[in-house]
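In what follows, every chain begins at residue 1, and chains take the letters A, B, ... in the order their sequences are listed.
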Amino acid sequence: MFDAEAFVNEKVEEIKGAIDGKAIIACSGGVDSTVAAALVSRAIGDRLLTIYVNNGFMRKGETEAVEAMFKRVGMNYRLIDASDEFFDAMKGVIDPEKKRKVIGERFIRVFERVAREYGAKYLVQGTIAPDWIESGDGVRDTIKSHHNVGGLPKDMDLILVEPLRDLYKDEVRKVARYLGVEVAERQPFPGPALAVRVIGEVNRESVAIVREACAIVEEEMEKAAAAGKMTLPWQYFAVLLPCQTVGVQGDVRAYGRTIAVRAVESVDGMSASYSKVPHEVLERISVRITNEMKSDVNRVVYDITNKPPATIEYE
Amino acid sequence: MRVYVVDNGGQWTHREWRVLKYLGVDTKVVPNTTPFDQLDVDALVLSGGSPSVAAEGDRMGRNGEYLDRAEFPILAICAGFQYMVAHYGGSVGPAAKPEFGRTVLHVDEPNDLFRGLPREFVVWESHNDEVKHLPDSFELLAHSDDCPVEAVKIKDRPVYGLQFHPEVENTEHGNEIFKNFLRVVEDWKR
């Protein structure tokens, strides 16, 4: 079995040896990067600066919530709003692999700038096993280029430190609980954020639609779970599909967009089965999305595909 | 006990390593180009991977050498299994019905690997190719509704092959299958 205490002790020693001087950590406020931050700060203390980049693709209220968490924990942090830069870079980009590479490069350029100012030569990332496995290598096929592995530009001038590389999500959560990290139970959220939940071009409008739909899915499933109507899935979200279909709203023809609702059960993210969410909950989500977002969305579908053959996220 | 995982580039190679590690085995993932003489092990797991073994046998590195020279037990999974069957004269080709995700396994021979397990249980799959012909030197251990050859043993050796993935969380009794394999390794060591 996995021994979180032994893991922490071993890694803290390793990190002490690996990092001389200062380091920055790329932290989205999710489980992996927050655990990496906690681990590295145990090893090098205030020589670590935590960087949160708002790329414009974060969920509703996320940036504010993450900053509040950083403050509570007393982290040495900086919040960087790079949303204009990210939206500019995403103009006209449709291909999912291109998206991930553009995002990966943007992140690194921001980190390089901050590292230079702070005088750090190390970049800590919360990379976990599925990130490098799915990114592919000499023998492994590329399923998707995770922004923090396959999406890194070749010419980056930071030295990577990735203490969680051999762990899967369930193990990272065990480390999180051991370290008392408060986001230990947060659902997984991809590094490229909502950009990979918009199929097609990522712009302020398409991100706003999927952001609202994601918020409704999260709210309704969390409410149903709290009321004992279902157990909370491992991951649950909305995706904006690149198609329009006909509808009727108040006797008027509608021609709106389609939201796919996705919820899966998994342990490690490497295989997953779709969640058997009660129809009552799905219906409530569908009614809310199509009513509250009526000028954008007039159809909601539920995804019933396992991984494999699908992946959990769409891109 | 030392059991290494030969990396044929699978999505779940590292999962095999994790399962063995959790079972207290001295394990690591090694490239499939590692010379046999450098492997000082009690058993090997040959992982799956993306190569279509019929057409891209060269991407399977030294798997053939391991199979030919090993006297110790081997557990070959997915592409590793297909490669082994082809290596010993069987044939592999595109599956009539490829399987991805959930499938029900029917156990035909409940000895060794399937000891103590139900005759039917859910396993997780991910394969485009399948074994079309099994040589006489092999024994069939299990099948599924869509795939006739899901598990095999070389009759006179402690060498096994699985089309499905016991290392994946969604596969029922996956840990027990590994434990049963480790029992085979213990017996062989005696």
(message) Need one label for B:T171: side chain, backbone, both or neither, based on atoms under 4.5 Å from any heavy atom in chain A.
(response) neither
(request) Calculate, to the nearest 0.5 Å, the distance between atoms CD and OG belonging to B:E167 and A:S271 respectively. (result) 9.0 Å
(request) Heavy atoms only: give me the nearest B:H14-A:I133 pair and the separation to one decimal. (result) CB-CD1, 3.7 Å
(request) Could you tell me whether B:D136 atom CG has more than 12 heavy atoms of other residues or ligands within 6.0 Å of it? (result) no
(message) Using heavy-atom distances under 4.5 Å, tell me whether B:E125 contacts chain A through its side chain, its backbone, both, or neither.
(response) backbone
(message) Is B:R15 in contact with chain A via its backbone, its side chain, both, or neither, using a 4.5 Å heavy-atom distance?
(response) both
(request) Find the one option among A:S273, A:A310, A:A272, A:P130 whose heavy-atom pairs under 4.5 Å with chain B are most numerous. (result) A:A272
(request) Rounded to the nearest 0.5 Å, what's the gap from CH2 on B:W124 to CG on A:N306? Could you check? (result) 4.0 Å
(message) So, taking the atom named CD in B:E169 and the one named CD in A:E265, what distance separates them when rounded to the nearest 0.5 Å?
(response) 13.0 Å
(request) Pick one of side chain, backbone, both or neither for A:D170, based on which atoms fall under 4.5 Å of a heavy atom in chain B. (result) side chain
(message) Does A:I304 have more than 12 heavy atoms from other residues, nucleotides or ligands lying within 6.0 Å of its CD1?
(response) no
(message) Under 4.0 Å between a side-chain nitrogen and a carboxylate oxygen: does that hold for B:K21 and A:D166?
(response) no
(request) Find the distance between CG (A:D268) and CH2 (B:W12) and round it off to the nearest 0.5 Å. (result) 9.5 Å
(request) Check each atom of A:D137 against the heavy atoms of chain B and say whether the ones under 4.5 Å are side chain, backbone, both or neither. (result) neither
(request) Go through B:D7 and A:V139 one step at a time and tell me if the side-chain contact (heavy atoms from CB on, under 4.5 Å) criterion holds. (result) CA-CA 8 Å; B:D7 186 4; A:V139 290; 3.8 Å; yes
(request) Check whether more than 12 heavy atoms from other residues, nucleotides or ligands sit under 6.0 Å from atom CD of A:E283, and answer yes or no. (result) no
(message) To check you understand the geometry: which heavy-atom pair defines the closest contact between B:Q11 and A:M270, and what is its length?
(response) O-CE, 3.1 Å
(message) Quick check on B:R59: does its CZ atom have over 12 non-hydrogen neighbours (other residues, nucleotides or ligands) under 6.0 Å away?
(response) yes
(request) Report, as yes or no, whether the 6.0 Å neighbourhood of atom NZ on B:K28 holds more than 12 heavy atoms from other residues, nucleotides or ligands. (result) no
(request) Give a yes or no answer on whether the side chain of A:R140 reaches the backbone of B:G10 with a donor-acceptor pair at less than 3.5 Å. (result) yes
